[in-house]
Amino acid sequence: VRAIGKTLFSEEGTPLRFIGSVLDITEQKQEEQRRIDFIGIVSHELRSPLTSLNGYLQMLEMSAKKNDDQFTNNVAAKAKRQVGKMSSMITGFLDVARVGEGKINIDNKPFDMADLVKAAESESLATITSHTVIYHPVEHTPVLADQDKIEQVLINFINNAVKYSPQGTTINVSAVTQNRQVRVCVKDEGMGIPAKDLPYVFDRFYRVDGEHMKTTKGFGIGLYLCREIIERHGGKIGVQSTLGEGSTFWFEIPVTH
Ligand code: ADP
């Protein structure tokens, strides 16, 4: 129950009267939990047929290759890419449900941030053709963190930079260490984010309202998961943005010495 108002006290200090409003938020909370549970269950159920589908498509691809059937091979490869996209959406939803249940596991191991940036570089070289992605040299930076999850954050920033900036523009990726924290930045020359929306972009299901909502697809969960991951590492996450000029998304985690 949330109460907004003022309590009137007697001269002896005993409460006499409460003036204001009392709102029952239990129901709201329960409704939200039900939604998250539903998302979790549905995603879980969708996952197994999708895994089988991927397997069948793989078989089809193999047989097409063997029979030198180019057409079937192409169709199977395209279908597999779509299955991959669907799979990563489902993984995102499952992660949201896991966060809701406090079940996101962080598996800390030592690694070098420079290697992680290099891994992201080779992935974007293979997948991003619409933008110029510049990777600035990163010094040897030892950290103790969950490498896959930190990579997920970086890739998410890069994918958003691609998604929310015009083709042909440049994206800069850099990492610098200061005060025993390594700060990784992804800077784009995109549409930017209105100041009024900035405090909310890391909230669950939040998407900035505007024209681009019609052209870009998304559920507003990527940055929410990024924030959860970084906070679970005792780090910080943030964004600087100027409308019409671009945004810089960054995160910071401690460096090991
Ligand atoms: P999604 O992209 O699926 O909507 P995210 O959680 O990744 O979800 O992002 C939330 C919102 O923040 C986006 O819908 C978009 O409005 C805004 N946003 C994220 N990255 C950028 C960016 N690089 N430039 C402009 N807006 C962005």
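Counting starts at 1 for both ligands and their atoms, following the listed order.
Nearest protein heavy-atom neighbour of atom 23 (N) of ligand 1: Asp188 OD2, 2.9 Å. Annotation: atom 26 (N) of ligand 1 to nearest protein heavy atom, Ile193 CG1, 3.3 Å. Shortest contact from atom 4 (O) of ligand 1 to any protein heavy atom: Arg207 NE, 2.5 Å.
Scanning all heavy atoms of the two residues, the minimum distance from Ile36 to Val96 falls at CG2-O, 4.2 Å. Minimum interatomic distance between Leu57 and Ala76 (heavy atoms only, all atoms of both residues): O-CB, 4.1 Å. Nearest heavy-atom pair, Pro254 versus His233, reported as atom, atom and distance to 0.1 Å: CD-O, 3.9 Å.
With distances taken over non-hydrogen atoms, the option nearest atom 25 (C) of ligand 1 out of Tyr164, Phe205, Tyr200 is Tyr164. Residue Val208 holds the heavy atom nearest to atom 16 (O) of ligand 1 of all those in Val162, Ile171, Val208.
Looking at ligand 1, you'll find an N or O of Gly220 within less than 3.5 Å of one of its N or O atoms. Considering backbone and side-chain N/O atoms, Asn160 comes within less than 3.5 Å of an N/O atom of ligand 1. Of the polar atoms of Leu223, at least one N or O is found under 3.5 Å from an N or O of ligand 1, judged by distance alone. For a threshold of 3.5 Å applied to N or O pairs, the pair formed by Phe249 and ligand 1 contains no separation below that value. The shortest N or O to N or O distance between Gly218 and ligand 1 is not under 3.5 Å. By the 3.5 Å distance cut-off applied to N or O atoms, Lys163 is counted among the residues near ligand 1.
With a 4.0 Å heavy-atom cut-off, ligand 1 is reached by the backbone of Tyr206 but not by any atom from C-beta on.
Between Arg47 and Leu94, some side-chain heavy-atom pair lies under the 4.5 Å cut-off. Counting heavy atoms from C-beta on, the side chains of Val173 and Cys185 never come closer than 4.5 Å. Contact annotation: the side chain of Tyr135 never approaches that of Leu125 to less than 4.5 Å [non-hydrogen atoms, C-beta and beyond].
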For Arg34 and Gln30, what are the C-alpha separation, side-chain angles and deciding distance, and is it a side-chain contact (heavy atoms from CB on, under 4.5 Å)? CA-CA 6 Å; Arg34 271 198 293 271; Gln30 280 173 346; 4.2 Å; yes

Any chance you could lay out the side-chain contact (heavy atoms from CB on, under 4.5 Å) test for Gln152 and Asp95, step after step, and finish with the verdict? CA-CA 12 Å; Gln152 183 185 334; Asp95 282 348; 4.0 Å; yes

For Ile128 and Ile171, run side-chain contact (heavy atoms from CB on, under 4.5 Å): C-alpha distance rounded to whole Å, both residues' side-chain angles, the deciding distance at 0.1 Å, then the answer. CA-CA 11 Å; Ile128 302 170; Ile171 297 162; 5.8 Å; no

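Residues Ile229 and Ile237 fall within the same hydrophobic cluster, defined by Ile, Leu, Val, Met, Phe, Trp and Tyr side chains chained together at heavy-atom separations under 4.5 Å.
Counting atoms of ligand 1 from 1 in the listed order, those under 4.0 Å from a heavy atom of Ile221 are 6 (O), 8 (O). Close contacts between ligand 1 and Phe219 involve ligand atoms 3 (O) [criterion: under 4.0 Å to a heavy atom].
For Ser247, the closest heavy-atom approach to ligand 1 falls below 4.0 Å.
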